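So that the names make sense, note that chain A is the first sequence line, chain B the second, and so on, each numbered from 1. All of these numbers come straight from a predicted model, not from anything done at the bench.
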2 protein chains.
Amino acid sequence: MTKPETVSRSAAPKKRQRRKDARPAEIIEAGLAEFAEKGFAGARLADVAARAGVVKGTIYRYFDNKEALFQAAVMSRIVSTLDNVEELVDGYEGPTDELLKLVLKVIYEKIVASDARILLRIIIAEGARFPDIPANYYRDSISKGMALIDRIVQRGIEQGEFQDGPMTKAPPIILGPAIFAAVWKMTFEPVAPLDLDTFMEAHVDMALNGLLR
Amino acid sequence: MTKPETVSRSAAPKKRQRRKDARPAEIIEAGLAEFAEKGFAGARLADVAARAGVVKGTIYRYFDNKEALFQAAVMSRIVSTLDNVEELVDGYEGPTDELLKLVLKVIYEKIVASDARILLRIIIAEGARFPDIPANYYRDSISKGMALIDRIVQRGIEQGEFQDGPMTKAPPIILGPAIFAAVWKMTFEPVAPLDLDTFMEAHVDMALNGLLR
DNA sequence: ACTACTAATGACCTTTGGGTCATTAATATA
DNA sequence: TATATTAATGACCCAAAGGTCATTAGTAGT
């Protein structure tokens, strides 16, 4: 171009760019990061813009206001990650304890260890003021996980591998430790780190001890 | 809403009062409620003042700024609630499974079912920005609970009642479901209520199945 | 009852940050 | 190359909220 940089030594390629369809996703990504760090009220749109490589005004070309961006950002991350696992469960041949072990492993990978747990902080922190968020997360993720566990438990009982008891009446108890681990990771990790492998092994051990005949 | 009546018939005793030593506690209480509802950034000092029955300026007679009030409020609620339980454990005579059952019951009462769980939301929501908070909560509450559980488990093993295994190496797994229940209550309760009694029974059942020989 | 002290007030100041809009410049089309 | 379109900018507006302080009025001491 004919325009030489005013600062020749510094590599500062600050050219204005028009990328209509890439912007929304980039802004959402930036917003999610800021909201997770600072919360809804604490996040500044100027920071979101800076992180997305645009200017505050640009955000308003794509989102009506701060809350709209927040909702869009959070909702974009609330997805059904366990759909393929359902099929796995239905088509599984083999001992039910192995199946449970397998599914718990997937849940740890997809929910606890992934960056999806930053979503959990937002849900807990802002859920009371934005009730749609926990409602949708429950519908698309949590309840899926619960249903999965419940189906596995029922299968185990039907096949005579699992025993009936208090545990089989409360599916959350089997999933609970995983959520707990996610919460721990994002809260107490700096002061008391949690070894996920050890914890998960204990989790599986505990669940199976209570279920197996 | 506290509304200042323009109407004369209403009994509105709004006399200015001087209560030097009652104010800080009242302001802290009001602050805690606001911070729990709106988060640190979202809470307004004018609202805190109104809730405490004072005026915004009054807050600054007792606290340097918003953050100082926040810290004071949160720290005032981080207390050692399990100290007396330690003694109970040390002096307990009888089967270890009964002891574990007893202690879990106390933990549910003191941490999960009490209003202390509003503290948990603050810790999760603001912990990343105010690291002292999770650190202190861990030191005064969580680690106490863990130590308690660990001591009970050790006792069970020594007396030949419990078996060694993955679970005995990860005390958080035994406490985890309780924390999970607290998180659930403050997040998904409106969309999917959790029956604490049923859940706790399942919790105890699961823990003991994994521990007992 | 008078006075000194200071808790409490509320008007005021200042900064922050959400939101707006005229202007600029990148791209598509002719 | 010239022109139209509109994504992107950044200066600007303004309400909201943190924070200050001179004034007011309870209260204790005499």
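The phosphate of C:dG18 has neither OP1 nor OP2 within less than 4.0 Å of any side-chain N or O from A:Arg44. Of the side-chain N and O atoms in A:Arg61, none sit less than 4.0 angstrom from OP1 or OP2 of D:dA8. The side chain of A:Arg18 places no N or O atom within less than 4.0 Å of a non-bridging phosphate oxygen (OP1 or OP2) of D:dA8. At D:dA8, one or more side-chain N or O atoms of A:Tyr62 fall inside 4.0 Å of OP1 or OP2 (strictly under the cut-off).
Rounded to an integer number of Å, the gap from A:Leu45 CG to C:dT16 C1' is 12 Å. For B:Phe63 and D:dT20, the CZ to C1' distance is 18 Å, given to the nearest whole Å. Going from atom NZ of B:Lys66 over to atom P of D:dG19 covers 8 Å, rounded to whole Å. Rounded to whole Å, atom P of D:dC14 lies 19 Å from atom CG of A:Asn65. Straight-line distance from the NZ atom of B:Lys20 to the P atom of C:dA8: 9 Å, rounded to whole Å. Atom pair A:Ile27:CD1 and D:dA7:P shows a separation of 12 Å (rounding to whole Å applied). Between A:Arg23 atom CZ and D:dT9 atom C1' the separation is 11 Å, expressed in whole Å. The interatomic distance linking B:Ile59 (CD1) with C:dA7 (P) rounds to 16 Å, in whole Å.
Nearest nucleotide to the A:Tyr60 side chain, out of C:dA7, C:dG18, D:dA7: C:dG18. Distance from the side chain of A:Val54 is smallest to D:dT9 among D:dA8, D:dT9, D:dG18. Of the candidate nucleotides D:dA8, C:dG18, D:dG26, D:dG26 has the atom nearest to the side chain of B:Arg16.
Put simply, the side chain of A:Lys56 and the base of C:dG18 share a donor and an acceptor less than 3.5 Å apart.
Comparing B:Arg19 and B:Phe40 along DNA chain D, the residue whose closest nucleotide (by nearest heavy atom) sits nearer the 5' end is B:Phe40. Nearest-nucleotide positions on DNA chain C place A:Ala43 closer to the 5' end than the other of A:Ala43 and A:Thr58.
Checking each of A:Thr96, A:Ile174, A:Leu100, A:Leu148 against A:Val153 for a side-chain contact (heavy atoms from CB on, under 4.5 Å) leaves exactly one that passes, namely A:Ile174. The side-chain contact (heavy atoms from CB on, under 4.5 Å) test with B:Tyr137 is passed by exactly one of B:Leu120, B:Asp132, B:Ile122, B:Val74: B:Leu120.
The pair B:Glu26-B:Arg19 meets the salt-bridge criterion, since a charged nitrogen lies less than 4.0 angstrom from a carboxylate oxygen.
For the residue pair A:Ser80 / A:Lys144, a side-chain donor-acceptor distance below 3.5 Å is found, with atom types taken as modelled.
Ring to ring, B:Phe40 and B:Phe130 are close: their centroids are under 6.0 angstrom apart.
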